[in-house]
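Proteins come first, then strands; the chains are lettered A, B, ... in the order of their sequence lines, and each starts at number 1. These values consider heavy atoms only, across backbone and side chains, with no hydrogens, waters or symmetry-generated copies. None of these values were measured; they are calculated from a predicted model.
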2 protein chains.
Amino acid sequence: MKTREKILLCSLDLFNERGERNVTTNHISAELAISPGNLYYHFRNKSDIIYELFQQYEQLVGYYLTTPEDRPLTVADMRGYLESVFDGLWSYRFLHRDLEHLLENDARLRQDYREFTGRCLDAINRIFEGLAEGGVIQSQPEELRQAMSLNVWLVVTNWMAFLKTAQGNNRQVEITKRQLKQGIYQVLTLEVPYLMPAYRGEVLALREQYRPELPLTMMEPAPA
Amino acid sequence: MKTREKILLCSLDLFNERGERNVTTNHISAELAISPGNLYYHFRNKSDIIYELFQQYEQLVGYYLTTPEDRPLTVADMRGYLESVFDGLWSYRFLHRDLEHLLENDARLRQDYREFTGRCLDAINRIFEGLAEGGVIQSQPEELRQAMSLNVWLVVTNWMAFLKTAQGNNRQVEITKRQLKQGIYQVLTLEVPYLMPAYRGEVLALREQYRPELPLTMMEPAPA
DNA sequence: CTATTATTAGAGTATATACTCTAGGGAGTC
DNA sequence: GACTCCCTAGAGTATATACTCTAATAATAG
């Protein structure tokens, strides 16, 4: 594998594990057993690495969130959206952590992220429309649907941060993918009151699959 | 005013304005025109300042969220809770920004914040119960109510962060209190489907008062 | 083989930042 | 006046971190 590619992969790993803030370019090069100079040959600076990872993320989520134009959406579709979006979130989870700091220091990222948010909100909105067409949820006025979409976005993008704060006494709180996916439970909670009778049971059963075992604020870090 | 108190007030101001991360102890002492040594005479370290500010915040919100035991809740109560909680959020908004980093570096804060979260979730839950008793919203099974409360918490605590990311092209995005309070609109959106007919109109009218003028992702920073 | 380009090493630097240390001023008390 | 206690000054330090610079080495093209 090319060094450049290795740097990206290694950076992503370290960022996800320890948080971008706690990973220096020296750490990255040390982990790869290359010199700092080498790293800076391939990337002008740390921001460029982050930006490129963000672009990967953007592309991935954009791909996940496409909606078919020729048919309404089903419960299976919805599940697919949730699963894949949370997968993406997991793979690039460092982004949604120190996000504010990242945006503060990179104008490109700031701009792109803003547009990305807009596209995602639109996509969520279209998914709600599709689900209404498919008879899964009630149709709602545009205004309400948009506000709902925004709430979905807030829950999805901040679920990880909540887990980290609500959990454990250790400095390095390790979140599992399973826990992250309990965010799906919270998103489906938002939909509960809008479910049509015909699909209510099915969606509630799906929701149960993501239910946390314990109330979240009582969760302790998994023993090592 | 005592120097100690001045340090707390000044720190809070600077933290809120520029973000905790961008404010050093040297900045604080410079702003106050005192020496760093002086600051460190009053506080052992930066974390101690933050921790004391957090305790103020905790107390404030704890006070805001108390529920009367002798009567059900009204729409006016609900409005009061939302207004005051968002006021508190505004006054200590730096806390909910770099929260993860703050918790990572202070075990006391980590522990306290976790308990604080638990208490807040309980309080939100009790408020929902009170509103159901008061006939404002439908009564819901415990499990659903808890998940709803958690969603409310997620929206409330992350609304500020969303505004900062969704808005403007400037490094230092200035959020107004008015914009922050649009978070109330989002919280009330969560309640819409549960409103009882008798109060539906009233709550929807209340909600309208917090409606953003523009779709949020199109919002530009206010011209200087 | 030679010339050129792409890649790598690794010591070194500029800057920032939380914090320390010593010395002393001012006000009240005996 | 001397003692004590609270408070203050401000130069200085240890450490971290993003990044640079020079030189050397592989890879490739002609």
Side-chain angles (χ1 to χ4, degrees), chain A residues 1-15 17-54 94-95 97-98 100-110 171-172, chain B residues 1-15 17-54 94-95 97-98 100-110 171-172:
Chain A
M1 201 191 315
K2 303 264 191 197
T3 303
R4 189 185 156 81
E5 223 172 315
K6 279 199 280 188
I7 292 172
L8 284 172
L9 283 175
C10 178
S11 299
L12 181 57
D13 275 357
L14 291 180
F15 288 163
E17 261 172 47
R18 304 183 202 167
E20 180 271 341
R21 186 173 197 166
N22 301 317
V23 176
T24 73
T25 49
N26 290 345
H27 287 144
I28 298 167
S29 52
E31 175 80 17
L32 284 171
I34 65 174
S35 69
N38 193 352
L39 185 149
Y40 278 89
Y41 170 77
H42 291 282
F43 293 92
R44 227 182 54 251
N45 52 40
K46 196 181 170 187
S47 282
D48 276 10
I49 299 177
I50 295 165
Y51 186 60
E52 201 152 324
L53 290 173
F54 169 71
F94 85 93
L95 280 173
R97 281 167 51 185
D98 222 352
E100 187 176 331
H101 173 69
L102 297 177
L103 300 192
E104 205 169 69
N105 294 318
D106 191 331
R108 291 170 304 180
L109 201 56
R110 201 153 55 231
R171 227 189 107 112
Q172 288 285 346
Chain B
M1 201 191 313
K2 304 264 192 194
T3 303
R4 188 186 158 82
E5 225 171 312
K6 281 199 279 188
I7 293 172
L8 284 172
L9 283 175
C10 178
S11 299
L12 180 57
D13 274 357
L14 292 179
F15 288 163
E17 263 172 45
R18 306 184 200 166
E20 179 273 339
R21 185 173 197 167
N22 301 318
V23 177
T24 73
T25 50
N26 290 345
H27 287 142
I28 298 167
S29 52
E31 176 79 16
L32 285 170
I34 65 173
S35 70
N38 193 352
L39 187 149
Y40 278 91
Y41 169 78
H42 291 283
F43 293 92
R44 229 181 52 249
N45 52 41
K46 194 180 171 186
S47 283
D48 276 9
I49 299 177
I50 295 165
Y51 185 60
E52 203 153 322
L53 290 173
F54 169 72
F94 85 93
L95 280 172
R97 281 165 52 185
D98 222 351
E100 187 176 332
H101 172 68
L102 296 177
L103 300 191
E104 204 168 70
N105 293 319
D106 190 331
R108 289 169 306 179
L109 199 57
R110 201 153 56 230
R171 227 189 107 115
Q172 287 287 342

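Arg4(A) and Glu52(A) are joined by a salt bridge, as a carboxylate oxygen and a charged side-chain nitrogen come within less than 4.0 angstrom of each other.
Taking every side-chain heavy atom of Pro36(B) into account, dT20(C) is the closest of dT17(C), dT8(C), dT20(C). Here the nucleotide nearest the side chain of Ile34(A), chosen from dT7(C), dT17(D), dA9(C), is dA9(C). Here the side chain of Lys46(A) is nearest to one of dT17(C), dT8(C), dC19(D), namely dC19(D).
In this structure, Ala33(B) reaches the sugar-phosphate backbone alone: every heavy-atom distance under 4.0 Å involves primed, P, OP1 or OP2 atoms, never a base.
In this entry the distance linking NZ of Lys2(B) with P of dA27(C) reads 13 Å, nearest Å. Between the CD1 atom of Ile7(B) and the C1' atom of dA18(C) there is a distance of 15 Å, given to the nearest Å. One can place CD1 of Ile50(A) at 9 Å from P of dA18(D), the figure rounded to the nearest angstrom. Atom pair Asn38(B):CG and dC6(D):C1' shows a separation of 11 Å (rounding to whole Å applied). Straight-line distance from the NZ atom of Lys6(A) to the P atom of dT7(C): 13 Å, rounded to whole Å. Atom pair Arg44(B):CZ and dA18(C):P shows a separation of 15 Å (rounding to whole Å applied). Separating the CG atom of Asp48(B) from the P atom of dT20(C) is a distance of 11 Å, rounded to the nearest angstrom. For the pair Ile28(B) CD1 and dC19(C) C1', the interatomic distance rounds to 13 Å; values are reported in whole Å.
Contact check, Thr24(A) against dA18(D): a side-chain N or O comes under 4.0 Å of OP1 or OP2. Distances shorter than 4.0 Å separate some side-chain N or O of Tyr40(B) from OP1 or OP2 on dC19(C). Residue Tyr41(B) places no side-chain N or O under 4.0 Å from the OP1 or OP2 atom of dT8(D). In this model, the phosphate group of dG10(C) is not approached by any side-chain N or O of Ser35(A) to a distance below 4.0 Å at OP1 or OP2. For His27(B) and dA16(C), the shortest distance from a side-chain N or O to OP1 or OP2 is not below 4.0 Å. For Thr25(B) and dA18(C), the shortest distance from a side-chain N or O to OP1 or OP2 is below 4.0 Å. A sub-4.0 Å separation between OP1 or OP2 of dT17(D) and a side-chain N or O of Asn26(A) is absent.
Put simply, the side chain of Arg18(A) never gets that close to the backbone of Val23(A): no donor and acceptor are under 3.5 Å apart.
In this structure, Cys10(A) SG and His27(A) NE2 are separated by 11.5 Å, a value rounded to the nearest 0.5 Å. Distance NE2/His101(B) to CG/Asp106(B): 10.5 Å, rounded to 0.5 Å.
Between Thr3(B) and Leu39(B), every side-chain heavy-atom pair lies at or beyond the 4.5 Å cut-off.
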